[in-house]
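Just so you know, these numbers use all the heavy atoms, side chains as well, and skip hydrogens, waters and symmetry mates.
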Amino acid sequence: MNERWHRAWRWGVDRRVRWGVGAALLIVVLVQVGGGGVLDLLGTADLRIALPAISGLVAVHLLGAATWRLLQSRVSGWAPSWPATIRTYYVAQGIGGLTPANLGSDVYRVAAVRGQLPWSDAALPIVLQRVVSSAALAMLGVVGLTLLPARMPAGVWMAGSVAIVLVVAAAAISLARRQAVSVRAAANGVGMWSVTLASGFGLSLVFHAVSLALGLAIVASIGPVAALLPILGALAVARLSLLVPLTPSGLGVQEGLLAVLFIGIGQPADLAIAASLLARLSLLVTTLIGALLLVSRRSTPFAPSRPPAGGDVLPG
């Protein structure tokens, strides 16, 4: 009992520290760029553009839910019903948005399906989703770097390149570990693995691309978008901060990086901060939806859906 209490206390302290670090970084960024200018820009936002974009950032998680369900069905031959999938995924996102690198989402989903599947079958689809999502995000980050002007400070290029390399390396290591463990899958189900990972990667790529487009719309709702492609590139590179397990949802890190990138492409830093803060409203809405779904029913009604036909289940 004392050990459990000690672990819970350490987890709570760690969470508060990370939130404190994120809040401190955000305050530093606001002080550097001038909080008054950011508030003025937020006050002039065109809600006809901003509100649909924020709603889109909330709704785009349906793509994430579809990706998880696809991988779950291909790995285990079982998948929750669509209502249970969506409900569980939004609850998980609400929890994950409060934890570094969205890890809380992974833990919740594994726990939610543990009553239906062995631990490995519950965890593997989530690991695969993180791998393909990281790879898709890294790919968009590479494209984003090419959209930035050559006059960007060398430090920005170096930081962006290192971040992308780390993301790709992490994805490769995770996939290699799985392949090493599942020799039979590697020997007998290479084609099925390829199709599954390609499908998950495609959906993840659409998810991040749509999110970037909606982020661009939020920027446009605040100020004129004179440099469309460089701004889109800056958003793509800054989005890599979501994978940095330092603060919840990259709080403070993303704002600071985006401000530096905007300055490098000749855009106001306060525009970057205002757009980032406005986009974070979608996180609050998603968290609220997840909380409401969590308290509305104590258990998730996982009704088995029809498994994939015959050879569709991944071996291993």
Enquirer: If you look at every heavy atom in P80 and T85, which pair is closest and at what distance?
Expert: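 Scanning both residues completely, I find the closest heavy atoms to be CG-OG1, 3.2 Å.
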Enquirer: Could you state the interatomic distance from CD1 (I49) to CD1 (I54), rounded to the nearest 0.5 Å?
Expert: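 It comes to 12.0 Å.
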Enquirer: Would you compute the distance between atom CG of L205 and atom CE of M139 and round it to the nearest 0.5 angstrom?
Expert: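 Nearest 0.5 Å value for the CG-CE distance: 5.5 Å.
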Enquirer: Are R109 and Q72 close enough that a side-chain donor and a side-chain acceptor fall under 3.5 Å?
Expert: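 There is no such pair between these side chains.
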Enquirer: Under a 3.5 Å distance rule, please check whether S73 uses its side chain to pair with a backbone N or O of L70 as donor and acceptor.
Expert: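 Between the backbone of L70 and the side chain of S73 there is a qualifying donor-acceptor contact (under 3.5 Å).
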Enquirer: For the residue pair V91 and G290, what are the closest heavy atoms and their distance?
Expert: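 Answer, listing the atom of V91 first, then G290: CG2-O, 3.4 Å.
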Enquirer: Answer whether the closest heavy-atom distance between the side chains of L57 and I218 falls below 4.5 Å.
Expert: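 Yes, close enough: below the 4.5 Å cut-off.
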Enquirer: Which heavy atom of A274 sits nearest a heavy atom of L42, and at what distance?
Expert: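 For A274 and L42, the tightest heavy-atom pair comes out as O-CD2, 3.4 Å.
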Enquirer: Report yes if some heavy atom in the side chain of L288 is under 4.5 Å from a heavy atom in the side chain of L292; otherwise report no.
Expert: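 Yes; the side chains approach each other to less than 4.5 Å.
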Enquirer: Could you please spell out the steps behind the side-chain contact (heavy atoms from CB on, under 4.5 Å) verdict for I231 and L235?
Expert: CA-CA 6 Å; I231 288 178; L235 291 171; 4.2 Å; yes
Enquirer: Please walk me through it: do T88 and Y108 pass side-chain contact (heavy atoms from CB on, under 4.5 Å)?
Expert: CA-CA 8 Å; T88 302; Y108 177 81; 3.7 Å; yes
Enquirer: When you measure from the side chain of Q129 to the backbone of D106, do you find a donor-acceptor pair of N or O atoms at a distance under 3.5 Å?
Expert: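 It does not hold such a pair.
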Enquirer: Where do T67 and S204 come nearest, in terms of heavy atoms and distance?
Expert: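 Smallest interatomic distance, heavy atoms only, reads CG2-OG, 4.1 Å.
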Enquirer: Looking at S276 and A272, would you say the former's side chain and the latter's main chain have a donor-acceptor pair under 3.5 Å?
Expert: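 Not a single qualifying donor-acceptor pair exists.
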Enquirer: Working to the nearest 0.5 Å, report the span between CD1 of I222 and CG of L277.
Expert: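 I222 CD1 to L277 CG: 8.5 Å, rounded to 0.5 Å.
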Enquirer: Is there side-chain contact between V58 and Y90, with heavy atoms separated by less than 4.5 Å?
Expert: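 The answer is yes; the side chains approach within 4.5 Å.
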Enquirer: Is there a side-chain contact (heavy atoms from CB on, under 4.5 Å) between R239 and L212 once you walk through the steps?
Expert: CA-CA 8 Å; R239 190 169 175 81; L212 287 173; 3.8 Å; yes
Enquirer: Find the distance between OG (S296) and CG (L294) and round it off to the nearest 0.5 Å.
Expert: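 With rounding to 0.5 Å, OG (S296) is 8.0 Å from CG (L294).
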Enquirer: In Å, rounded to the nearest 0.5 Å, how long is the span from CD1 of I95 to CD of Q93?
Expert: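 It is 10.0 Å, given to the nearest 0.5 Å.
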Enquirer: Test W68 against every option in L128, V113, L203 by the side-chain contact (heavy atoms from CB on, under 4.5 Å) rule and name the one that passes.
Expert: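 Filter result, single survivor: V113.
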Enquirer: I need the minimum non-hydrogen distance between L41 and T44, along with the two atoms involved.
Expert: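 Nearest pair, atom of L41 first, then T44: O-OG1, 2.9 Å.
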Enquirer: Starting at CG of L284, measure out to CD1 of I289 and round the result to the nearest 0.5 Å.
Expert: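 Atom-to-atom, L284:CG and I289:CD1 are 11.5 Å apart.
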Enquirer: Using side-chain contact (heavy atoms from CB on, under 4.5 Å), reason through L228 and L232 one step at a time and then give a plain yes or no.
Expert: CA-CA 6 Å; L228 178 64; L232 192 58; 5.7 Å; no
Enquirer: Does any non-hydrogen side-chain atom of L145 lie less than 4.5 Å from one of L148?
Expert: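 Yes, close enough: below the 4.5 Å cut-off.
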Enquirer: Is there a path of hydrophobic side-chain contacts, each under 4.5 Å between heavy atoms of I, L, V, M, F, W or Y residues, that connects V210 with L216?
Expert: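 In one cluster: yes.
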Enquirer: Would you indicate whether the side-chain heavy atoms of S134 and R130 approach each other to under 4.5 Å?
Expert: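 The answer is yes; the side chains approach within 4.5 Å.
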Enquirer: Could you point out which residue of L124, V127, I126 forms a side-chain contact (heavy atoms from CB on, under 4.5 Å) with V110?
Expert: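 Answer after filtering L124, V127, I126: I126.
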Enquirer: Determine, using the 4.5 Å side-chain heavy-atom cutoff (strictly less than), whether L140 and L197 are members of one ILVMFWY cluster.
Expert: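 Yes: a chain of side-chain contacts under 4.5 Å links L140 to L197.
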Enquirer: Looking at P125 and V75, what are the two nearest heavy atoms and their distance?
Expert: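 Closest approach of P125 to V75, heavy atoms only: CG-CB, 4.1 Å.
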Enquirer: Do the side chains of L278 and S221 get nearer than 4.5 Å, heavy atoms only?
Expert: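 Counting from C-beta outward, S221 and L278 do come under 4.5 Å.
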